[in-house]
Amino acid sequence: MSESKPLYIYNSLSGKKEVFEAINPPFVGLYSCGPTVYSDVHLGNVRTFLTFDIVYRYLSYLGYNVRYVRNITDVGHLLDDSDDGDDKIETRARLEKIEPMEIVQKYTNGFHDTVKTFNLIPPSIEPTATGHIIEQIEMVERILANGYAYEVNGSVYFDVKKYAEKYNYGELSGRKIEDQLEQTRDSLEGGNEKRFFADFAIWKKASKETIMKWPSPWGDGVPGWHLECSVMSTKYLGQQFDIHGGGMDLKFPHHECEIAQSVGADGVNPVKYWMHGNMLTVNGTKMSKSLGNSFLPHELISGDHELLDKGYSPMTIRFFFLQANYRSTVDFSNEALQAAEKGFKRLMNAIELLQNLPKSDKSSIDINKLIQNSNQSMNDDFNTPVTIAYLFDGVKMINSINDGKEEISEADLTVLQKFYNDFVFNILGLQSETSDSKSNNVLENVMDVVLKLRSQAKENKDWSTADLIRDELKSLNITIKDSKDTSTWDYE
RNA sequence: GGUUCCGUGGCCGAGUGGCUAGGCAGUGCUCUGCAAAAGCAUCUACAUCAGUUCGAAUCUGAUCGGAACCUCCA
């Protein structure tokens, strides 16, 4: 199984696919921006986390020792950059009349449940912003010491103009400060503390009412929006690490600011490969909390949502996402989900067949090509839709072998079984869902009896009894599948 | 207004300068007491207009349409 081509990653920094070369092989540092835990994560969030789950899984499969860091933002980003900026978590806490940390705990728990439902592997480290206040203050101090920040009134702002004299502010997002200047000048009026419109807070003075605040050299306050990721990524992965991921919407300003902060503090560009996952859309517009068009995972699973005809299982949803490239938007629709549901079922059925395929002396099919293609598509910037297409080619092979139209040798079968196990379960992270509902041994045994009775009825040409059993089971959401001489069943 | 990206068959979605993924739906067939399920086969495409080229859906330009970011958001 030789990989003729190395892994390529689309680097947002260069806008090109680049050969992936780890900074310190076999180790790889992977950082992904996690959720702000002030409300439930929605499906769009899940998609991004899934993207980096695939990255994590595939790099691990390739033999890298990956340290995966995904943060929890538990001090709310300021609602806006004005002086009366408020904190999302605190706002929510007031709304729900509970402690801010209770909010944090509640939605962190919810996030963990969700992520588990979709079979995402937990990160190696899941640091919280509040757990790294000291480091954040230290970073502010370093930036100040280097002259790339200034203090006003207990708040500290990053000096973008100064930074831009020496470095390229906008290298990631492709933005030029001059381009934005004209548009924003109007909104600069009023008592803004910032010297320059593009400056951003790295430490923000807290008002008297603020509950969550920390002492600092500049008085009580809270860390700025972008600081935590800079601090936690470099703390656990080093001043320069391999991959930083996040949603497309974080590219600017969040990630741009992260670069500026790290360079401003330590003079080092922190990230070698930036990866950005694209958005999940509904009717063509981005799914987002503020637009009110978001789906909560449990709504999708239960089907309890006005835009849904029915519910879809977590693995169906996972499969649905993986059928699109992570760099493309995915539009959400019932039809697409239904297609994914059936396709996923077809794939899983074939994998079940694969376990007991008839063996022959030699193979009439070329599984090496299949395996090589699959590896190569994953190496091509984690191209899961193409990989899945190859997996379906394999499905066709498996079914043909099962029908006796093609043959496979014992050695090849072992290889093929391992291949599907690796790709479907380990890399794509899918898991069988039927086995869950069949895990009930009692039900399984009872069904065996029922099917036996029905077979007997069929042998006696007692069609009415046979059909009665079939219809009654149907109303219990159990589908009987008749084949030549055996019957199987499936739970809907 | 600025920046970036996209426009593929009934639907979802890959990809490439010539050999036209894959899934779903449709159609035909096989299996079958019937049905379902399952399997096999098969059809329809590259927004519009111009240009480059022996050849473009793939490159260039224009037009139309859509999206994201520029303000918290994965």
Side-chain angles (χ1 to χ4, degrees), chain A residues 12 15 32-36 38-39 41-52 76-82 85-86 88 170 173-176 178-184 187 198 225 245-254 276-281 284-291 294 319-320 323-325 327-347 349-350 353 373 377 380 383-393 395-396 399-400 402-403 405 458 461-463 466-467 470-471 474 479-484 487-490:
Chain A
S12 304
S32 152
C33 290
T36 304
Y38 69 96
S39 66
V41 289
H42 66 246
L43 217 57
N45 301 289
V46 171
R47 160 128 117 125
T48 301
F49 300 134
L50 170 62
T51 295
F52 297 101
H77 290 158
L78 298 168
L79 283 178
D80 57 55
D81 209 11
S82 62
D86 211 343
K88 277 186 177 176
S173 56
R175 271 163 225 279
K176 294 187 174 55
E178 313 86 66
D179 290 342
Q180 297 171 251
L181 186 57
E182 293 171 35
Q183 334 303 332
T184 330
S187 60
W225 329 341
M248 208 77 115
D249 50 355
L250 295 184
K251 199 172 183 181
F252 188 91
H254 185 61
H276 293 279
N278 215 137
M279 301 291 103
L280 176 64
T281 61
T285 18
K286 175 182 173 181
M287 180 181 286
S288 79
K289 286 175 191 172
S290 41
L291 287 175
S294 54
F319 183 75
F320 166 69
Q323 270 190 309
N325 192 293
R327 286 194 287 122
S328 315
T329 55
V330 165
D331 197 59
F332 188 88
S333 71
N334 276 292
E335 296 74 34
L337 244 359
Q338 255 157 44
E341 185 174 55
K342 294 209 174 169
F344 175 61
K345 215 167 181 178
R346 193 160 115 89
L347 178 63
N349 282 158
L353 281 178
N373 284 339
S377 55
D380 181 17
N383 198 335
T384 53
V386 171
T387 305
I388 289 173
Y390 287 127
L391 289 174
F392 275 109
D393 285 348
V395 166
K396 209 161 276 183
N399 288 330
S400 296
N402 191 240
D403 285 355
K405 288 175 188 159
K458 281 171 70 179
K461 298 203 188 305
D462 180 3
W463 307 127
D467 291 351
R470 187 170 71 198
D471 295 344
K474 184 80 195 165
T479 311
I480 301 264
K481 299 177 185 175
D482 289 337
S483 54
K484 264 164 271 177
S487 295
T488 55
W489 62 280
D490 217 341

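Excluded from the calculations below are hydrogen atoms, water molecules and symmetry mates; all remaining heavy atoms, backbone and side chain alike, are included. Within every chain, numbering begins at 1; the chains are lettered A, B, ... in the order of the sequence lines, protein sequences first and strands thereafter.
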**Message:** Tell me every residue that passes salt bridge (Lys or Arg N to Asp or Glu O under 4.0 Å) with A:Asp467, counting only those two or more places apart in sequence or in another chain.
**Reply:** A:Arg470
Any protein N or O atoms within reach of nucleotides 10-14 of chain B? Criterion: under 3.5 Å, listing atom names and distances.
unit_1, atom_1, unit_2, atom_2, d
B:rG13, OP1, A:Asp331, N, 3.1
B:rG13, O2', A:Gln323, O, 3.3
B:rA14, OP1, A:Asn325, N, 2.7
B:rA14, OP1, A:Ser328, OG, 2.9

Please list, for nucleotides 40-45 of chain B, all pairs of protein and nucleotide N/O atoms separated by less than 3.5 Å.
unit_1, atom_1, unit_2, atom_2, d
B:rC40, OP2, A:Arg346, NH1, 3.2

**Prompt:** Considering residues at least two apart in sequence or located in another chain, which fulfil the side-chain contact (heavy atoms from CB on, under 4.5 Å) criterion with A:Ala324?
**Reply:** A:Val330
**Complete:** Hits for side-chain contact (heavy atoms from CB on, under 4.5 Å) against A:Lys289, two or more places apart or cross-chain, chain-then-number order -> A:Tyr38, A:Ser39, A:His42, A:Asn45
**Request:** Only counting residues at least two apart or in another chain, list the ones meeting side-chain contact (heavy atoms from CB on, under 4.5 Å) with A:Asn334.
**Result:** A:Leu308, A:Asp309, A:Tyr312
**Asked** Partners of A:Leu250 by side-chain contact (heavy atoms from CB on, under 4.5 Å), sequence neighbours excluded?
**Response** A:Cys33, A:His254, A:His255
**Prompt:** Who pairs with A:Asp393 by side chain to side chain donor-acceptor pair (under 3.5 Å), at least two apart in sequence or on another chain?
**Reply:** none
**Request:** Determine the interatomic distance between P on B:rU44 and the same-named atom on B:rA38; round to the nearest Å.
**Result:** 25 Å
**Message:** Could you work out, with side chain to side chain donor-acceptor pair (under 3.5 Å) as the rule, every residue matching A:Thr281, not counting sequence neighbours?
**Reply:** A:Asp331
**Prompt:** Counting side-chain heavy atoms from C-beta on, which of B:rC69, B:rA36, B:rA74 comes nearest to A:Arg175?
**Reply:** B:rC69
**Request:** Considering only atom P, compute the distance from B:rG66 to B:rU71 and round it to an integer number of Å.
**Result:** 23 Å
**Request:** Mind checking side chain to side chain donor-acceptor pair (under 3.5 Å) for A:Ser377 and listing every partner two or more places apart, or none if nothing turns up?
**Result:** A:Thr387
**Message:** Tell me every residue that passes side chain to side chain donor-acceptor pair (under 3.5 Å) with A:Lys481, counting only those two or more places apart in sequence or in another chain.
**Reply:** A:Asp490
**Asked** In terms of ring plane angle, is the pair A:Phe344 and A:Phe319 parallel, tilted or perpendicular, where the classes change at 30° and 60°?
**Response** tilted
**Prompt:** What dot-bracket string describes RNA chain B from 5' to 3', counting Watson-Crick and G-U wobble pairs whose defining distances are under 3.5 Å, with [ ] for crossing pairs and | for pairs to another strand?
**Reply:** (((((((..(((.....[...))).(((((.......)))))....(((((..]....))))))))))))....
**Request:** Using the P atom on both, measure B:rU53 against B:rC73 and round to a whole Å.
**Result:** 49 Å
